[in-house]
Chemist: 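Take this structure first; my questions come after.
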Amino acid sequence: MTAPRDSPPPTPPPPARAQALLDWFAAWQRDLPWRSAQPDPYAVLVSELMLQQTRVDTVKPYFARWMSNWPTPTALAAASTDEVLAAWTGLGYYNRARNLHKAARIIAADHNGALPRDRAALGALPGVGPYTLGAVRSIAFGQPEPLVDGNVGRVLSRWTASRLPATSTAGKKALWSLAQELMETPPARSAPGAWNQALMELGALVCTPKKPACSSCPVAEWCAAHAAGIADQLPVRKPKKPPKPVIAAYLLLMRDDGKLWCGQRAAKGRWAGLWEPPGVEGPDSASVLQATFDLGGEHEVLPTIVHVLTHRRYEVTPVLVRSDNAAPPLAPLGYVAERWISPAAAVASTSGFSRLGARLVAAAAAAGQDL
DNA sequence: AACACGGGGGC
DNA sequence: GCCCCAGTGTT
């Protein structure tokens, strides 16, 4: 029973691989605000929600402000939706803020203000999907729950040289299955939080999307993609669709004191609950805006603003109008509230404006100065 | 299975 | 300009 001489190096028993990675993590892990030997489960939940599809460095200042504003689930539960959204302004994917807020209210009402350790109860909280369930259970409670995020998917795809796209159904199934299996090996099972964070940290610091630093990798000798020299070609990605173009026109109605007439978007959909100057989407948006607000009189068309989201490319025509202090109703355009807002308040990062809304306000303020 | 949902940082 | 990030919820 001898292995053929030219076969890949024999794979050591899993515990050796796992221990190598755990040792690396112990030596090289970053000092992050939500990391602690005895983590606060609520802090873990907040950080994990903020980190969904968002980089660590982006999250840091938001996390600090959030924990300062609302140090406990009970404190967060008592906050208003507007306050919560304002604190999230600029972070994107605003439904995460709504979910965190709802989760806090459930925790306060049903769990005595403490995160439930129970798998089903935790997974039932809004915003807690498979990844976050694994993160909170393993990191906050030390429970042997696997997780797969973008980093782990990349690391494990390379480790096994998997040709399945990590985002495909089959690929995800294989990755979660492997993550589960790894979690059951002795060193991982004894340190679930460190193990999961080690996989993610490796993906963030060493096993990066481009130019992975295999020479610094603690588990390179067991990596199938590295052995085959294809680490930088994995994971296989699914072709992505181009962003959809959106034509829009926005009304910048400016009062004598410089304030702008703004509306709050509906609670569902893009920029849910956020404020912005009133706008219309569609190829005929400019004429619709014209008709809706009867812009026959004096108005100024400002330079087009291009605002790119992941799946949308906005081409916005801002129309500046001097108000005679009339305040047209915005409900017909789908807004659920309306008020005059000073440009300074709108552009401040705690205002509950979308980035596009803030850009429009800034454009209005700049143009208004020249008049 | 596909889509909706933001924004920013690195190259 | 492109990639992709500590993903989840809806259809």
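The chains referred to below are lettered A, B, ... by the order of the sequence lines, with proteins before strands, and numbering in each begins at 1. Below, all heavy atoms of this structure are taken into account, side chains as well, without hydrogens, waters or symmetry copies.
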Chemist: Convert the base pairs of DNA chain B into dot-bracket notation, remembering that pairs crossing earlier ones are written with [ ] and that bases paired across to another strand are shown as |; include only Watson-Crick or G-U pairs under 3.5 Å.
Modeler: |||||.|||||
Chemist: May I have the list of side-chain donor-acceptor pairs in residues 177-187 of chain A shorter than 3.5 Å, sequence neighbours left out?
Modeler:
| unit_1 | atom_1 | unit_2 | atom_2 | d |
| --- | --- | --- | --- | --- |
| Gln180(A) | NE2 | Glu184(A) | OE2 | 2.9 |
| Thr185(A) | OG1 | Leu182(A) | O | 2.7 |

Chemist: Between dT8(C) and dG9(B), how many Å separate the two P atoms, rounded to a whole number?
Modeler: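 Roughly 23 Å separates the two P atoms.
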Chemist: Kindly list each side-chain donor-acceptor pair under 3.5 angstrom involving residues 99-108 of chain A, sequence neighbours excluded, with atom names and distances?
Modeler:
| unit_1 | atom_1 | unit_2 | atom_2 | d |
| --- | --- | --- | --- | --- |
| Asn99(A) | ND2 | Asn95(A) | O | 3.3 |
| His101(A) | NE2 | Leu76(A) | O | 3.4 |
| His101(A) | NE2 | Ala79(A) | O | 3.0 |
| His101(A) | NE2 | Arg105(A) | NH2 | 3.4 |
| Arg105(A) | NE | Ala77(A) | O | 2.9 |
| Arg105(A) | NH2 | Ala77(A) | O | 3.3 |
| Arg105(A) | NH2 | Ala79(A) | O | 2.8 |

Chemist: Would you mind writing out the side-chain donor-acceptor pairs for residues 36-46 of chain A within the sub-3.5 Å range, not counting sequence neighbours?
Modeler:
| unit_1 | atom_1 | unit_2 | atom_2 | d |
| --- | --- | --- | --- | --- |
| Ser36(A) | OG | Gln38(A) | N | 2.9 |
| Ser36(A) | OG | Gln38(A) | O | 3.2 |
| Asp40(A) | OD1 | Tyr42(A) | N | 3.0 |
| Tyr42(A) | OH | Trp66(A) | NE1 | 3.4 |
| Tyr42(A) | OH | Trp70(A) | O | 2.8 |

Chemist: Do any side-chain nitrogens or oxygens of Thr132(A) fall under 4.0 Å of OP1 or OP2 in dT8(C)?
Modeler: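 For dT8(C), OP1/OP2 do have a side-chain N/O of Thr132(A) under 4.0 Å.
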Chemist: Per the side-chain hydrogen bond (donor to acceptor under 3.5 Å, both in side chains) rule, what does the pair list look like for residues 278-299 of chain A, sequence neighbours excluded?
Modeler: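 Listed once each, the pairs are Glu281(A)-Tyr314(A).
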Chemist: If you assign each of Lys172(A) and Arg154(A) to its closest nucleotide in DNA chain C, which residue comes earlier from the 5' end?
Modeler: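 Upstream on the strand: Arg154(A).
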Chemist: Would you kindly give the OH-to-P distance between Tyr314(A) and dA4(B), to the nearest whole Å?
Modeler: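 So the two atoms are 11 Å apart, to the nearest Å.
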Chemist: Suppose you measure atom C1' in dG6(B) against the same atom in dC4(C); what distance do you get, rounded to whole Å?
Modeler: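 Roughly 13 Å separates the two C1' atoms.
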Chemist: Can you list, in residue-number order, the parts of residues 176-192 of chain A that come under 4.0 Å of DNA chain C, counting heavy atoms only?
Modeler: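 Of all residues in residues 176-192 of chain A, none places a heavy atom under 4.0 Å from DNA chain C.
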Chemist: Go through residues 121-130 of chain A and report each residue with a non-hydrogen atom lying under 4.0 Å from DNA chain C, sorted by number.
Modeler: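 Per residue number, the list reads Pro126(A), Gly127(A), Val128(A), Gly129(A), Pro130(A).
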Chemist: In chain order, what residues pass the side chain to side chain donor-acceptor pair (under 3.5 Å) check against Thr54(A), with sequence neighbours excluded?
Modeler: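 Here the qualifying residues are Arg96(A).
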Chemist: Would Arg255(A) and Trp340(A) count as a cation-pi pair here, with the cationic atom under 6.0 angstrom from the ring centre and within 45° of the axis?
Modeler: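 Satisfied, under 6.0 Å and within 45°.
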Chemist: Excluding sequence neighbours, so at least two apart, what forms side chain to side chain donor-acceptor pair (under 3.5 Å) with Tyr94(A)?
Modeler: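 Listed in chain order: nothing, the list is empty.
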Chemist: Once ring-ring contact (aromatic ring centres under 6.0 Å, His included) is applied, do any residues pair with Trp176(A), and if so which ones, sequence neighbours excluded?
Modeler: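 Trp176(A) satisfies ring-ring contact (aromatic ring centres under 6.0 Å, His included) with no other residue.
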Chemist: In whole Å, what is the span from the NE2 atom of His311(A) to the P atom of dC5(B)?
Modeler: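 Roughly 9 Å, once rounded to whole Å.
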Chemist: Taking side chain to side chain donor-acceptor pair (under 3.5 Å) as the definition, give me every residue that meets it alongside Gln29(A), ordered by chain and number, with sequence neighbours left out.
Modeler: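 Listed in chain order: nothing, the list is empty.
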Chemist: Would you mind building the protein contact string for nucleotides 6-11 of chain B? One character per nucleotide, 5' to 3', B for base within reach (heavy atoms under 4.0 Å), S for sugar-phosphate only, - for untouched.
Modeler: BBBB--
Chemist: How do Val148(A) and Arg237(A) order along DNA chain C: which one's closest nucleotide is nearer the 5' end?
Modeler: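 This one resolves to Arg237(A).
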